[in-house]
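The structure appears below as structure tokens.
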Amino acid sequence: MTSTLNRSDRSAADPGRLPIGAVLERLMARGMPFRFSAYDGSTAGPVDAPIHLRLHNERGLSYLLTAPGDLGMARAYVRGDLEMEGVHPGNPYDALVHLQNNLKFRVPAPAEAMRLARSIGLNHFVPPEPPEQEALPRWRRLLEGFRHSRTRDAGAIHHHYDVSNRFYEMVLGPSMTYTCACFPTEDATLEEAQAFKYDLVCRKLGLRPGMRLLDVGCGWGGMVRHAAREYGVEVIGVTLSREQAAWGQQAVERDGLDHLAEVRFGDYREIRETGFDAVSSIGLTEHIGVRNYPAYFVFLRDRLVPGGRLLNHCITRADNSSRATTGAFIDRYVFPDGELTGSGRIITAMQDVGLEVRHEENLREHYALTLKGWCENLESHWDECVDEVGIGTAKVWGLYMAGSRLAFERNEIQLHQVLGVRPGPGGDAHFPLRPTWLS
């Protein structure tokens, strides 16, 4: 492997000025793991590296300097100021693996840092306007209401879920299911795995014909329709996404299930009905805030009859810490106001409000496989997806899903299903001696 470093005419005219490639190379603790080219004509890194990053303009440089780390790179990449060669933008997984395995920055001494900054140009430390896909910073969101207020939650859900139903159809596939699948075998298709997941939830909840199910955060109604069609239960689903609700209700009517099922647009806290035999919460807990867990589980508990079951399915951390953010890129481009904690916190919160936890399992590897399938769908339908939502948004999704796949594989995040029951008088949980869904 060989490395070259060229100096632009501008740098040659000013001996004290380093080209951009040289500055970047001096910040690498282990050497350059990728090929780099900049608009000033400079290059750095191995010529035969599997990944080539091209910095096209000064705005891209300002993005990188004013938000070091994943946020600055995402801004430059989404705007087209930073180009990544060697992978498809719909599925940049291999590039992320390579960079995470080999990229390590060093912190220069203050004197060196000042020299490098002056070499690049202090004018580049003024932040440009962020891409249109980026949500407001957290301090600005206060103008939309306190965190996890109904107004602010509605805005966060709209930012992520009301992108385009057609876009989701191409990325998620026919199931229109935007939550972790469960693969019964390694060679199962994504559609088979999503159907198996819904059926697993139904079996854990012990659904039977004539029962009533509440599905909070129901998305496009996949669980609603599966439970009504396969188990003959009456189902109410609710979602804060207007686009999801419209698509889901149309699907209910198309499948001839409107005598059993309904998909509502609204906040789950607006549900007034009670007496449900079961409640499913699939992919909602990430959005409600850790401090709101007690109120959340009290609300769901109070919707249940004695002996009724609750299945909570959500992304978690690998530990039980409660950090305020999910990372700068995820918070600004994917899930504004999202919060994660560990499965232990969720189990504790359920137990503390009187729900008896009867079963728990981690589907971490299954989510990595799910994201792999979604990235493959995005890559396969790339031109159509770009036509539907624009190149910047399509890039955000490729980056986010590939990065999330890697995080699940490396046990940085997990996916847990926790099954609880509301015990009846005298402690009767109406629960079998052994789990029936394992047979």
Side-chain angles (χ1 to χ4, degrees), residues 148-150 153-154 157 179 198 201-219 221-241 244-245 248-249 252 257-289 291-314 346-359 417-432:
H148 300 302
S149 65
R150 297 192 186 194
D153 278 353
I157 293 298
T179 49
Y198 283 137
V201 173
C202 290
R203 286 182 281 127
K204 286 183 175 181
L205 291 173
L207 297 184
R208 300 186 304 276
M211 284 185 165
R212 298 176 65 229
L213 169 68
L214 172 63
D215 185 35
V216 292
C218 68
M223 177 66 187
V224 170
R225 288 180 287 122
H226 185 94
R229 182 180 61 248
E230 303 298 331
Y231 288 83
V233 299
E234 298 179 17
V235 194
I236 294 175
V238 60
T239 172
L240 257 179
S241 165
Q244 286 182 335
Q249 185 59 29
V252 165
L257 298 170
D258 46 317
H259 64 296
L260 289 173
E262 173 190 0
V263 175
R264 295 181 185 175
F265 166 62
D267 193 293
Y268 76 92
R269 290 163 285 195
E270 297 169 355
I271 295 290
R272 292 291 170 257
E273 291 91 340
T274 60
F276 290 96
D277 299 284
V279 173
S280 52
S281 173
I282 305 175
L284 176 61
T285 317
E286 299 91 331
H287 300 286
I288 67 170
R291 291 184 179 180
N292 295 324
Y293 282 4
Y296 172 68
F297 286 117
V298 164
F299 183 89
L300 299 185
R301 180 204 65 196
D302 290 349
R303 308 273 83 73
L304 289 168
V305 300
R309 301 182 192 179
L310 163 66
L311 190 286
N312 195 80
H313 166 122
C314 74
I346 293 169
I347 290 173
T348 297
M350 291 175 65
Q351 291 172 330
D352 285 350
V353 302
L355 290 164
E356 182 185 7
V357 173
R358 303 300 301 246
H359 189 267
Q417 286 190 352
V418 181
L419 178 65
V421 63
R422 179 181 185 178
D428 187 359
H430 301 272
F431 213 83

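The analysis underlying the following values was restricted to heavy atoms, covering all of them including side chains, and did not include hydrogens, waters or symmetry mates.
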Atom pair [atom1]/[atom2] of [X] and [Y] - distance to nearest 0.5 Å:
{"X": "Lys204", "Y": "His359", "atom1": "NZ", "atom2": "NE2", "result": "5.5 Å"}
{"X": "Tyr296", "Y": "Ile346", "atom1": "OH", "atom2": "CD1", "result": "9.0 Å"}
{"X": "Arg264", "Y": "Thr239", "atom1": "CZ", "atom2": "OG1", "result": "13.0 Å"}
{"X": "Leu304", "Y": "Leu355", "atom1": "CG", "atom2": "CG", "result": "7.0 Å"}
{"X": "Thr348", "Y": "Tyr293", "atom1": "OG1", "atom2": "OH", "result": "11.0 Å"}
{"X": "Leu419", "Y": "Leu311", "atom1": "CG", "atom2": "CG", "result": "5.5 Å"}

Would you list the atom pairs, donor with acceptor, under 3.5 Å between side chains in residues 207-219 and any protein atom, with sequence neighbours excluded?
unit_1	atom_1	unit_2	atom_2	d
Arg212	NH1	Thr274	O	2.7
Arg212	NH1	Gly275	O	3.0
Asp215	OD1	Ser280	OG	2.7

Closest non-hydrogen atom pair, [X] against [Y]:
{"X": "Pro432", "Y": "Arg309", "value": "CD-NH2, 3.5 Å"}
{"X": "Met350", "Y": "Leu310", "value": "CE-CD2, 4.0 Å"}
{"X": "Phe265", "Y": "Ala245", "value": "CB-CB, 3.6 Å"}
{"X": "Glu286", "Y": "Gly283", "value": "OE1-C, 3.0 Å"}
{"X": "Asn312", "Y": "Cys314", "value": "ND2-SG, 3.7 Å"}

Is a side-chain donor or acceptor of [X] paired with a backbone partner of [Y] at a separation under 3.5 angstrom?
{"X": "Arg229", "Y": "Leu257", "result": "no"}
{"X": "Asn292", "Y": "Ile288", "result": "yes"}
{"X": "Arg303", "Y": "Glu273", "result": "yes"}

Check step by step if side chain to side chain contact (heavy atoms under 4.5 Å, CB included) holds for His430 and Val421. CA-CA 9 Å; His430 301 272; Val421 63; 6.0 Å; no
So Phe299 and Tyr268, would you call those rings parallel, tilted or perpendicular, with 30° and 60° as cut-offs? perpendicular
